[in-house]
Structure formats: C-alpha cells, structure tokens
Amino acid sequence: MARAEEPTDAPMDDPPAGDDTSGELIGGVIGSIPPEAKSGARAAKRKVKRAVPLYRVLIAVRTAVAAMLAWIVANRLGGDLADYAYAAPLGAFVAIGTSVFTIARTALQQAIGMTVGAALGMFMILMDWNGILEIGLIGAVAVLLQGVPRFTAGAAMVPVVGVLVIIFGGIDADGYAIGYVGQFTLGMAIGVLVNALAPALYDREARKQIRDAVNDLARRVDVLAETMRGDWPPEREDWAGWGPELRVAVEDLGTQIEEARNARRLNIRMLWHKHDLQSDEQALTALRSVVHRMEDVLEAIASAAWEQRPVVVTLEQDERQLAADAVEALAQHLYAWHGARDVDAASKSSKDAIDALYDRVMQVAQPQSGVVSVVFALRAIRERVDWAAARQYD
C-alpha cells in the first residue's frame with residue numbers, strides 16, 4: 001500500500017539512493033567548467049575534424065593495408081626479385097589518393113616514369129660519361145618530360161630512378177633496374193587494388209557543401225539587409241569585402257564537384273549507388289551566377305554607403321529601406337532553394353519587393369545607373385534561383 005501512495009510522476013530511471021552523492025559530485029564538476037573552456041573544447045573538436053576528416057582516416061587505413069600486403073607478396077617472389085622487396089611497400093605508399101581513377105592514373109604515370117628513368121640510367125652507365133654530366137642530363141630530361149601532357153606525375157620519378165640505377169646498379173644495372181622498378185610497380189598495383197575494394201564516393205559531401213554554401217550566402221544577405229536598415233553610413237564594413245570570399249568558396253565547390261566526378265570513374269560502388277551529379281553541377285552553375293550578381297549588389301551598396309569610386313551611388317532613405325526589403329526577401333528565397341520552404345511563395349515575395357524598389361527608382365526623371373544595376377542584379381539572382389530550384393533533386 002505504501003508504494004501505491006508514491007507520486008505517479010516520479011521518473012522511472014532515478015538512481016539509487018546510494019548514488020546521490022556521486023551524482024551531485026559529477027554535476028558539480030561539470031557545472032564548474034567555465035563557458036570559455038567548453039567553447040574552446042568545441043572549437044578544438046571542430047579543428048580536429050577538419051584536420052583529420054573521416055575520409056582521410058579511411059585512406060590511411062587502406063594505405064597501411066596495401067603496404068603490408070605488398071611487403072608479404074614481394075617477399076614471396078622467387079629469384080633476385082626478393083632482394084628488392086623493400087620497394088613494394090614504397091609503391092603502395094605512393095598509390096594513394098581520393099579516388100580509384102586518380103590513384104590508377106597516377107600509378108600508371110609513375111610506372112612509365114620509373115621505366116624511362118631506369119632506361120636512362122642504364123644508358124648513362126653504358127656511355128660511361130662524366131658523373132656530373134650524367135646527373136645534369138637526367139635532370140634536363142626529367143624537366144622536359146614534365147611538359148608532356150598527362151605525364152607530370154611520372155616525370156618526377158625519372159630522375160629518382162635514373163640516379164638510383166647509376167649509384168646502386170653497379171655491374172648488375174639491368175638486374176637492379178628490373179628488380180627495383182618491378183617491385184615498386186607491384187606495390188603500386190596492390191595499392192590500386194586495395195583502394196578499388198572499398199572506393200570512396202564524394203557525392204553526398206559535394207551536395208552538402210553546395211547546400212551549406214547557399215545557406216551561408218543567405219545568412220550574409222540577411223546581415224546585409226539588417227545593416228541597410230540601421231544607421232547610415234553603417235559602422236560595420238566587413239560585408240563590403242564579401243565578394244572575393246564568395247568567389248573562393250565557389251571555386252572550392254568546383255574542385256569538390258570535380259573530385260566527386262573522378263571518384264565515380266572505375267568505382268565498383270557505382271553499380272548500386274545512384275546519384276544525379278548533373279543536378280549538383282547545375283546547382284553550382286547557378287550559385288556561381290548568383291555570387292557574380294551579388295558582388296554587383298555589394299559594390300553598389302558599398303558605394304552608396306561610403307561614396308566609393310568608380311561609380312558613386314546615392315540611396316535616399318525610402319530607397320534604402322525598399323532595397324533592404326528586396327535584399328531580405330532574396331535571403332528568404334535563397335533559404336527556400338534547398339530547404340523545405342515554399343520556393344514559389346518565396347519567389348513571389350522576392351519579385352514583389354524588387355518590383356517595389358524598381359517602381360520607386362522609376363519615379364525619378366533620370367534614374368541613377370547604380371541603383372538600376374542593383375535592381376537588375378536582384379532580378380537576375382531571383383531568376384537564377386528559380387531556374388535552379390526547378391531542376392533540383394529530391
């Protein structure tokens with residue numbers, strides 16, 4: 001009966017009475033950590049994730065496995081090849097990268113470069129020229145080969161192998177060249193095969209980064225609208241220099257898309273992993289156009305704020321408020337691009353705000369070209385976002 005009189009809302013997972021002291025102690029310790037330390041710990045965690053992302057850890061694991069397998073296989077080869085077993089793990093270390101295609105291409109280039117270097121080294125031994133002249137000729141050939149398309153990675157191996165053959169080849173230069181190049185190539189082949197067993201794909205990462213970039217741009221546009229509604233000229237000036245930052249971000253996204261495209265080539269996972277990379281490429285094209293037009297907006301508003309050259313723009317109080325409304329509506333349109341919001345409603349709100357600014361500008365007998373350029377840029381951005389949203393993936 002006593003148990004029936006206990007409160008019914010007591011938590012079912014309350015700790016035993018004997019643990020109260022330890023719970024209070026732990027809570028007190030955690031509560032005593034200053035906010036600065038917690039913030040620093042979170043910042044350190046983010047830095048570690050950026051410095052050592054998961055895909056790099058996986059590459060490191062595959063490289064270690066490939067090197068160990070190469071060492072085992074190389075030592076099991078008969079004849080004089082086993083004397084050069086140390087070269088196989090070196091080849092496995094070289095056969096690393098972010099995709100099977102790039103690894104295989106680089107390995108092939110380096111195998112060709114090593115063969116050329118070994119042949120060049122044996123030729124130098126046969127000619128028996130002065131040692132300094134031999135080294136100089138090998139270096140010159142290597143530099144010339146760097147200009148050959150699709151051979152730059154292999155050209156770096158030419159002087160390395162050529163000099164090794166001259167120094168360590170001795171009376172058995174042919175045997176050294178065959179053994180070293182053969183074992184090194186074997187290691188690279190094993191590295192390519194190991195990477196092909198669990199190849200990485202970067203489709204999702206590329207798509208996520210594009211969405212993050214669009215949301216970051218929307219946040220910046222929101223800040224711009226808020227700035228335009230505040231004191232004028234504004235105290236905050238960093239927004240005027242956002243153009244180069246946005247351009248660099250878009251170029252980085254282009255590199256990510258190219259990496260994702262290469263990762264799909266020679267990738268066995270493409271048999272069951274379906275991804276519309278063309279949609280990502282279209283989104284990136286649209287974002288590149290949006291950033292280009294946004295630079296025009298930033299430049300015009302900065303000119304209106306601080307009378308910057310080469311074009312001085314004047315914004316009256318009501319024009320500035322209407323421009324802020326149009327910029328804010330554009331931010332909501334950007335948010336809706338990849339979000340769950342209604343793109344059509346956001347597009348209509350953006351159009352109405354831009355049209356209101358345009359109507360105000362056209363009331364002037366001779367509208368300023370700078371203000372008109374803002375209207376044109378905002379309309380171009382809105383149309384580009386509508387175009388991209390209509391073609392975006394599910």
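- With hydrogens and angles ignored, the 3.5 Å screen pairs no side-chain donor or acceptor of E251 with any backbone N or O of V248.
- Not one N or O on the side chain of S289 forms a donor-acceptor pair closer than 3.5 Å with the backbone of A286.
- T115 contributes atom OG1, which lies 10.5 Å from atom CD1 of I178 (distance to the nearest 0.5 angstrom).
- For the pair S347 (side chain) and V343 (backbone), a donor-acceptor distance under 3.5 Å is absent.
- You'll find the side chain of L120 reaches within 4.5 Å of the side chain of V141, heavy atoms only.
- Nearest heavy atoms, A353 versus A326: CB-CA, 3.6 Å.
- Listed for the N75 side chain is a donor-acceptor partner under 3.5 Å among the backbone atoms of W71.
- Transitive grouping of hydrophobic side chains (ILVMFWY, heavy atoms separated by less than 4.5 Å) keeps W387 and L287 in distinct clusters.
- Residues D222 and Q332 form a side-chain contact, since some pair of their non-hydrogen atoms from C-beta on lies under 4.5 Å apart.
- A continuous path of hydrophobic side-chain contacts links V148 to I138 [ILVMFWY only; heavy atoms under 4.5 Å].
- Under the 4.5 Å side-chain heavy-atom criterion for Ile, Leu, Val, Met, Phe, Trp and Tyr, L197 and I103 are members of distinct hydrophobic clusters.
- Between W306 and W239, the distance from one ring center to the other falls under 6.0 angstrom.
- Between L217 atom CG and I381 atom CD1 the span is 7.5 Å, to the nearest 0.5 Å.
- A distance-only check finds no donor-acceptor pair linking the side chain of D231 to the backbone of P234 [under 3.5 Å].
- The backbone N or O of A225 lies less than 3.5 Å from no partner atom in the side chain of E328, so there is not a single donor-acceptor pair.
- Atom-to-atom distance recorded for L58:CG and N195:CG is 10.5 Å, nearest 0.5 angstrom.
- Note: W242 CH2 to M294 CE = 10.0 Å, rounded to the nearest 0.5 Å.
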Q: Determine, step by step, whether Q183 and L186 satisfy the side chain to side chain contact (heavy atoms under 4.5 Å, CB included) criterion, reporting the C-alpha distance in whole Å, the side-chain angles of both residues, the deciding distance to 0.1 Å, and the verdict.
A: CA-CA 5 Å; Q183 290 283 31; L186 172 65; 3.5 Å; yes
(Q) What verdict does the side chain to side chain contact (heavy atoms under 4.5 Å, CB included) test give for I132 and I135, after you've listed the backbone C-alpha separation in whole Å, the side-chain angles of each residue and the deciding distance to 0.1 Å? (A) CA-CA 5 Å; I132 297 178; I135 297 297; 5.9 Å; no
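- Residues R219 and V223 are not in side-chain contact: their nearest non-hydrogen atoms beyond the backbone lie 4.5 Å or more apart.
- Residue H333 holds its NE2 atom at 9.0 Å from CD1 of I354, rounded to the nearest 0.5 Å.
- Closest of all the heavy-atom pairs between R247 and V291 is N-CG1, 4.1 Å.
- Taking the charged nitrogens against the carboxylate oxygens, R220 and E245 do have a contact shorter than 4.0 Å, which makes a salt bridge.
- Shown here for I210 and A283, the closest heavy-atom pair between the two residues is CG2-CB, 4.1 Å.
- With hydrogens and angles ignored, the 3.5 Å screen pairs no side-chain donor or acceptor of R207 with any backbone N or O of D280.
- Residue Q282 places its CD atom among more than 12 non-hydrogen atoms of other residues, nucleotides or ligands, all under 6.0 Å distant.
- Ion pair D238/R236 flagged as a salt bridge, since at least one NZ, NE, NH1 or NH2 atom sits closer than 4.0 Å to an Asp/Glu carboxylate oxygen.
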**Q.** Full working for side chain to side chain contact (heavy atoms under 4.5 Å, CB included) between M114 and Y180
**A.** CA-CA 9 Å; M114 293 180 69; Y180 184 84; 3.8 Å; yes
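- For D80, the CG atom counts as loosely surrounded, since its 6.0 Å shell holds 12 or fewer non-hydrogen atoms of other residues, nucleotides or ligands.
- The side-chain tip of R261 does not point at the ring of F101 from less than 6.0 angstrom away and within 45° of straight on.
- A 4.5 Å side-chain heavy-atom check between L357 and V361 finds at least one atom pair inside the cut-off.
- Between A173 and V165, the shortest heavy-atom distance links the atoms CB-CG1, 4.3 Å.
- In this structure a side-chain-to-backbone donor-acceptor pair under 3.5 Å is present from R264 to H275.
- Checked against the 6.0 Å centroid criterion, the rings of Y84 and F184 do not qualify as a close aromatic pair.
- In this pair, W129 and F123 present their aromatic rings perpendicular. The plane angle is above 60°, beyond the 30 to 60° band.
- Proximity of a side-chain donor or acceptor of S350 to a complementary backbone N or O of A346 within less than 3.5 Å is not detected.
- Shortest non-hydrogen contact noted between G191 and A95 is CA-CB, 4.0 Å.
- Linking ILVMFWY residues whenever their side-chain heavy atoms come closer than 4.5 Å, directly or via other members, leaves L144 and V116 in distinct clusters.
- Proximity of Y335 to L330: side-chain heavy atoms (C-beta onward) are nowhere separated by under 4.5 Å.
- Nearest heavy atom pair, residue L81 against residue G179, reads CD2-CA, 3.7 Å.
- Under a hydrophobic clustering in which Ile, Leu, Val, Met, Phe, Trp and Tyr are joined whenever their side-chain heavy atoms come within less than 4.5 Å, directly or via other members, W232 and V297 fall into the same cluster.
- Rounding to the nearest 0.5 angstrom, the gap separating the CE atom in M228 from the CZ atom in R320 is 7.5 Å.
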Q. Would S373 and D296 count as a side chain to side chain contact (heavy atoms under 4.5 Å, CB included) if you check the C-alpha gap in whole Å, the side-chain angles of each, and the deciding distance to 0.1 Å?
A. CA-CA 8 Å; S373 69; D296 295 338; 5.9 Å; no
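- The shortest distance between side-chain heavy atoms of M122 and L126 does not fall below 4.5 Å.
- You'll find the side chain of F376 reaches within 4.5 Å of the side chain of R293, heavy atoms only.
- Here the side chains of T106 and Q110 are in contact, with some heavy-atom distance below 4.5 Å.
- More than 12 heavy atoms of other shown residues, nucleotides or ligands fall within 6.0 angstrom of atom OH in Y176.
- A salt bridge links D355 and R379; the closest N-O separation between the charged side-chain nitrogens and carboxylate oxygens is under 4.0 Å.
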